[in-house]
Colleague: 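Below you will find the structure I want to go over with you.
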There are 2 protein chains.
Amino acid sequence: MGPTRANSPQPLRRDAQRNRDALLTAAADAFARKGLQAPLEHVAKEAGVAIGTLYRHFPTRLDLVQTVFEKKFEAWLAAAEEAVVAEDPWEGFCRYLEAMCELQADDQGMNDLASMRLPLSDCIQDRLTRIRELARQAMRRAQDQGTLRPDLTPEDLVFVVWSHSRITAATSNVAPRTWRRHLHLMLDAFRAERAHPLPTPALTEDELRRAMTELGSSTPCAE
Amino acid sequence: MGPTRANSPQPLRRDAQRNRDALLTAAADAFARKGLQAPLEHVAKEAGVAIGTLYRHFPTRLDLVQTVFEKKFEAWLAAAEEAVVAEDPWEGFCRYLEAMCELQADDQGMNDLASMRLPLSDCIQDRLTRIRELARQAMRRAQDQGTLRPDLTPEDLVFVVWSHSRITAATSNVAPRTWRRHLHLMLDAFRAERAHPLPTPALTEDELRRAMTELGSSTPCAE
DNA sequence: TACCAAGTGGAGGGTTCCCTCATCTTGTTG
DNA sequence: CAACAAGATGAGGGAACCCTCCACTTGGTA
């Protein structure tokens with residue numbers, strides 16, 4: 001927990017800063033465990049603070065979510081940046097997916113964020129855009145190399161995110177490494193060698209956006 | 001809607017039968033759209049009946065769920081039976097998965113049922129056991145044939161169920177055929193010819209049961 | 001056609017979570 | 001060490017669902 005608020009017009013009072021930090025810790029924990037719809041009253045109680053205090057610091061659930069997950073998005077971006085500079089494009093692509101899944105593997109909240117479309121802050125939104133751009137590059141490199149099947153589009157990567165999300169929700173408390181097995185099956189599916197034709201076109205960018213909105217709408221923090 | 005109740009010690013009164021049928025229709029619709037946790041009060045309203053009437057016919061949510069989905073389980077079983085008698089084992093296996101996904105594709109409730117473990121009636125439970133047994137056979141045949149990768153276990157098939165469940169939830173209203181693309185990617189992953197070693201062992205039968213319980217517990221109809 | 005068991009309606013009490021606001025507490029600054 | 005603004009509190013009203021219970025129909029039958 002940094003000792004100051006992100007954008008501080010006025011520095012916080014000492015007790016306020018302490019509470020804010022406690023809230024973020026508690027929220028990170030609750031979101032990781034229960035997903036983004038974790039009850040805020042539990043978060044407050046866990047932080048040893050009244051519910052009103054939580055709302056004073058984070059007027060909406062989304063404010064809290066964004067602050068909690070900023071660092072994770074940074075890590076995600078870093079993974080994408082590594083992917084495009086890896087010597088071997090296929091290796092880079094694989095390691096990117098692995099890193100991305102790892103970030104989501106023990107965090108149901110991150111999982112939700114990656115698979116649903118929410119009205120996120122510009123800051124995070126920008127990072128997401130960059131991540132997507134880099135992923136596109138990483139894929140293209142691996143396709144040019146001839147290792148990644150050419151009929152795979154960047155939009156197909158949500159399949160990994162979505163699948164991963166269900167699979168970790170089911171297995172993280174029972175056999176926490178299982179998601180790797182699934183990911184490596186998917187990687188076999190992504191190899192160019194002996195790829196068989198696919199029966200349905202990929203999602204368009206717009207369809208993808210709408211699909212993620214679909215998932216987001218019926219659940220945690222509507223706009 | 002059959003004109004009689006499944007096990008009728010006494011035949012239902014005519015108005016009661018009518019209400020029961022209306023409830024089943026409304027419930028099928030609601031479960032398909034919203035999943036197994038659809039509000040029962042909506043179901044009752046949709047059926048044009050008071051909430052008390054719903055509870056008289058179906059004392060627990062599970063009673064309703066089971067009655068609604070009996071037919072679908074039958075169809076699922078039929079698909080599994082076809083798989084093991086197909087001339088070409090690989091074809092049989094593929095068609096089985098396709099049929100299974102199809103059954104779940106426009107029914108969020110069926111999706112929930114396939115991916116979570118719930119305390120179901122013996123009748124449905126038996127069907128599930130048979131389905132699992134047949135799927136196991138179908139896989140073995142395709143593996144003996146050399147088409148299906150030998151390191152795949154029956155427990156790995158939940159990956160298909162789980163992935164499919166998320167993917168249809170996201171895409172069914174946006175691009176309803178998309179799940180096929182994903183399924184055929186998975187089928188490529190399942191081919192022996194492209195198999196690369198997997199980094200993690202398959203779930204054991206017991207882990208699988210616990211994983212499905214995990215998914216089931218935090219949601220619709222606890223025992 | 002009158003009776004009554006079977007069936008129905010829906011108010012109401014319980015739970016969980018949302019978010020607000022009037023009142024009290026406390027750090028900070030002069 | 002005041003005094004005051006910044007901050008904290010938590011009761012409370014609201015919404016969405018759950019499920020129960022009992023007074024009121026109503027279909028079938030003698």
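Chain letters run A, B, ... following the sequence lines, proteins first and then strands; every chain starts at 1.
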Colleague: Atom NZ of B:K45 and atom P of C:dT8: how far apart are they, to the nearest Å?
Modeller: 19 Å
Colleague: What does the B/S/- profile of nucleotides 24-30 of chain C look like, 5' to 3', with a 4.0 Å heavy-atom cutoff to protein?
Modeller: --BSS--
Colleague: Take atom CD of B:Q17 and atom P of C:dT8, then tell me their distance rounded to the nearest Å.
Modeller: 10 Å
Colleague: Can you name the residues that form a side chain to side chain contact (heavy atoms under 4.5 Å, CB included) with B:N173, not counting sequence neighbours?
Modeller: A:E214
Colleague: Can you tell me how far OH of A:Y96 sits from CH2 of A:W76, rounded to the nearest 0.5 angstrom?
Modeller: 5.5 Å
Colleague: Please list, chain by chain and in numerical order, all residues satisfying side-chain hydrogen bond (donor to acceptor under 3.5 Å, both in side chains) with B:R140, sequence neighbours excluded.
Modeller: none
Colleague: May I ask you to verify if any side-chain N or O of A:H57 is less than 4.0 angstrom from the OP1 or OP2 atom of D:dA8?
Modeller: yes
Colleague: When rounded to the nearest 0.5 angstrom, what distance separates NE2 in A:H184 from CG in A:L97?
Modeller: 9.5 Å
Colleague: May I ask you to decide if the ring planes of A:H164 and A:W179 are parallel, tilted or perpendicular, using 30° and 60° as cut-offs?
Modeller: perpendicular
Colleague: Would you sketch DNA chain C in dot-bracket for me? Only Watson-Crick or G-U wobble pairs with both distances under 3.5 Å count, crossing pairs as [ ], other-strand pairs as |, the rest as dots.
Modeller: ||||||||||||||||||||||||||||||
Colleague: Charged N to carboxylate O below 4.0 Å: is that the case for A:R210 and A:D206?
Modeller: yes
Colleague: Quick check: are there more than 12 heavy atoms from other residues, nucleotides or ligands sitting under 6.0 Å from CD of B:E82?
Modeller: no
Colleague: Any carboxylate oxygen within less than 4.0 angstrom of a Lys/Arg side-chain nitrogen, looking at B:E102 and B:R180?
Modeller: yes
Colleague: With sequence neighbours excluded, what pairs up with B:A28 under the side chain to side chain contact (heavy atoms under 4.5 Å, CB included) test?
Modeller: B:V68
Colleague: Check this for me, if you would: do B:R130 and B:E81 make a salt bridge, where the nitrogen-to-carboxylate-oxygen distance has to be below 4.0 angstrom?
Modeller: yes
Colleague: Let me have a per-nucleotide readout for nucleotides 9-18 of chain D, 5' to 3', with B, S or -, counting only protein heavy atoms under 4.0 Å.
Modeller: BBB-----BB
